[in-house]
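Comments concern the structure below.
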Amino acid sequence: FPTFPKKMAPWRLTWLPSLIWLAMANEELPPWETLETEHGPMKIREFGPAEGPLMVLIHGMKDEEFIRNEWNPVALKLAAASFHVIVPDFHSAPLALRPGRLSGEVLRELFPTLCSRNHMIPSRYKSVVRPKAVVMGKSWGARMAAEVAALDDIVAVGLVAPSLGDQDQVHALLSKIQGRVIVGLVEDDEVLDFTSTREKIKAASDGRELLWINAKKGGHRVVGEFVQP
């Protein structure tokens, strides 16, 4: 079955200067499209070729425009490297799919609908094979990414400024993740304390190998230093 090319492995993301990030944020974006789900319609943006390796990027909790768009620079960079990137707008979705109401179980049930947009798997095999994917999320979205990463289709999960709950909850989430785990923290995050969050995740990992990506500045945001994978 198709796999992610090693030279494009999304867990090899490192950090770029913020000026490059801001310039990318001003690039032309694809329009929002409507995805029909069993719960009702939801808006999504798609970047890159539909035949490319699939990545799903999940925004944070607040119903604000900059939150909906916080993954756009990452998505543009990944699309330029031939990834197929889907950015859902859960705030546009029916109540059961909105932040604060969406459960891990419901998101796992929804994920095949998102995957159906990807054409890396030839259509004749789609009834029996789903594409492998990487999921990344920020804050609330990081928790949702961890929840969906319990599926064996997820080869890696990126947790950026993750709001994962207490240590027992973090342990429960990490223990179910099938693929690789990348944790992105920002040292001046005003919402999550950098040191205590890092220590809590390390203690809950039971020695599991984690890839840490730390940024000096940027606050509780998807900061602007990811490079092309």
Side-chain angles (χ1 to χ4, degrees), residues 1-4 9-11 13 35-48 50 52-61 67-68 70-71 74-75 78 83-118 120-121 126 129-165 168-184 201 204-205 208 210-211 222:
F1 301 128
T3 58
F4 283 81
W11 48 83
L13 299 174
L35 175 69
E36 294 296 336
T37 79
E38 63 182 69
H39 297 278
M42 177 176 69
K43 299 293 185 183
I44 63 169
R45 268 197 175 119
E46 292 187 86
F47 301 74
L54 177 61
M55 294 193 69
V56 178
L57 309 181
I58 304 177
H59 58 67
M61 171 71 79
I67 296 294
R68 290 182 178 83
E70 61 187 344
W71 282 110
V74 174
L78 290 166
F83 284 93
H84 178 209
V85 184
I86 297 177
V87 180
D89 175 11
F90 287 102
H91 294 295
S92 72
L95 189 60
L97 301 181
R98 290 184 188 174
R101 297 292 296 269
L102 178 62
S103 68
E105 180 180 1
V106 169
L107 182 56
R108 288 188 291 273
E109 292 171 354
L110 174 68
F111 203 73
T113 302
L114 291 171
C115 288
S116 70
R117 306 285 292 198
N118 184 263
M120 192 173 184
I121 303 293
K126 279 192 171 182
V129 180
R130 290 201 303 244
K132 300 296 183 182
V134 171
V135 182
M136 300 179 70
K138 175 254 180 177
S139 192
W140 168 83
R143 182 182 182 90
M144 292 296 100
E147 290 277 8
V148 80
L151 297 173
D152 58 13
D153 301 325
I154 309 303
V155 298
V157 59
L159 311 175
V160 173
S163 296
L164 302 177
D168 289 340
Q169 291 172 313
V170 176
H171 179 268
L173 286 168
L174 292 179
S175 67
K176 296 176 183 177
I177 292 175
Q178 301 294 309
R180 296 194 62 175
V181 181
I182 307 97
V183 182
I201 294 173
S205 68
R208 180 188 187 130
L210 305 174
L211 175 60
V222 179

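- At least one side-chain heavy atom of M42 sits under 4.5 Å from a side-chain heavy atom of L110.
- The list of salt bridge (Lys or Arg N to Asp or Glu O under 4.0 Å) pairs with a residue in residues 90-115, not counting sequence neighbours, reads R108-E147.
- Within the model, atoms CG of L173 and CG of L164 stand 6.0 Å from one another, a figure rounded to the nearest 0.5 Å.
- Contact annotation: the side chain of F83 never approaches that of V134 to less than 4.5 Å [non-hydrogen atoms, C-beta and beyond].
- Considering NE2 of H59 and CE of M144, their distance stands at 11.5 Å, rounded to 0.5 Å.
- Atom CD1 of I58 and atom NZ of K138 lie 13.0 Å apart (nearest 0.5 Å).
- Heavy atoms only, all atoms of each residue included: V183 and P162 are closest at CG1-CG, 4.4 Å.
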- Would you please test V74 and M55 for side chain to side chain contact (heavy atoms under 4.5 Å, CB included) and show each step? CA-CA 11 Å; V74 174; M55 294 193 69; over 6 Å; no

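- Between L107 and L102, the shortest heavy-atom contact is N-CD1, 3.9 Å.
- Between V170 and G165 the shortest heavy-atom distance is CG2-O, 3.7 Å.
- A perpendicular orientation is assigned to the rings of W140 and F90, their planes being inclined by more than 60° (bins at 30° and 60°).
- Smallest separation of non-hydrogen atoms from S205 and L210: CB-CD1, 3.9 Å.
- Side chains of L54 and M120 form no contact here, defined as non-hydrogen atoms less than 4.5 Å apart.
- Side chains of K43 and R68 form no contact here, defined as non-hydrogen atoms less than 4.5 Å apart.
- Put simply, the side chain of K132 does not reach to within 4.5 Å of the side chain of P53, judged on heavy atoms.
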List the atom pairs, with distances to 0.1 Å, where a side-chain N or O of residues 149-157 and a protein N or O form a donor-acceptor pair under 3.5 Å, not counting sequence neighbours.
{"unit_1": "D153", "atom_1": "OD2", "unit_2": "R130", "atom_2": "NE", "d": "2.6"}
{"unit_1": "D153", "atom_1": "OD2", "unit_2": "R130", "atom_2": "NH2", "d": "2.3"}

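- With sequence neighbours excluded, the residues satisfying side chain to side chain donor-acceptor pair (under 3.5 Å) with S163 are S139.
- Taking the side chain to side chain donor-acceptor pair (under 3.5 Å) definition, one finds that H84 meets it with E46, N118, sequence neighbours left out.
- Partners of A75 by side-chain contact (heavy atoms from CB on, under 4.5 Å), not counting sequence neighbours, listed by chain and number: F47, L57, V85, V87.
- Remark: H171 engages no residue in a ring pair (Phe, Tyr, Trp, His ring centres under 6.0 Å) (not counting sequence neighbours).
- Here the OG1-CD distance, from T113 to E36, works out to 10.5 Å after rounding to the nearest 0.5 Å.
- The two residues G60 and E70 come nearest to each other via the heavy atoms N-OE2, 2.8 Å.
- Here the closest non-hydrogen pair linking P41 and P94 is O-CD, 3.1 Å.
- Side chain of R117 to backbone of I86: no donor-acceptor contact under 3.5 angstrom is found.
- Atoms CD1 and OG, from I121 and S116 in turn, are 13.0 Å apart once rounded to the nearest 0.5 Å.
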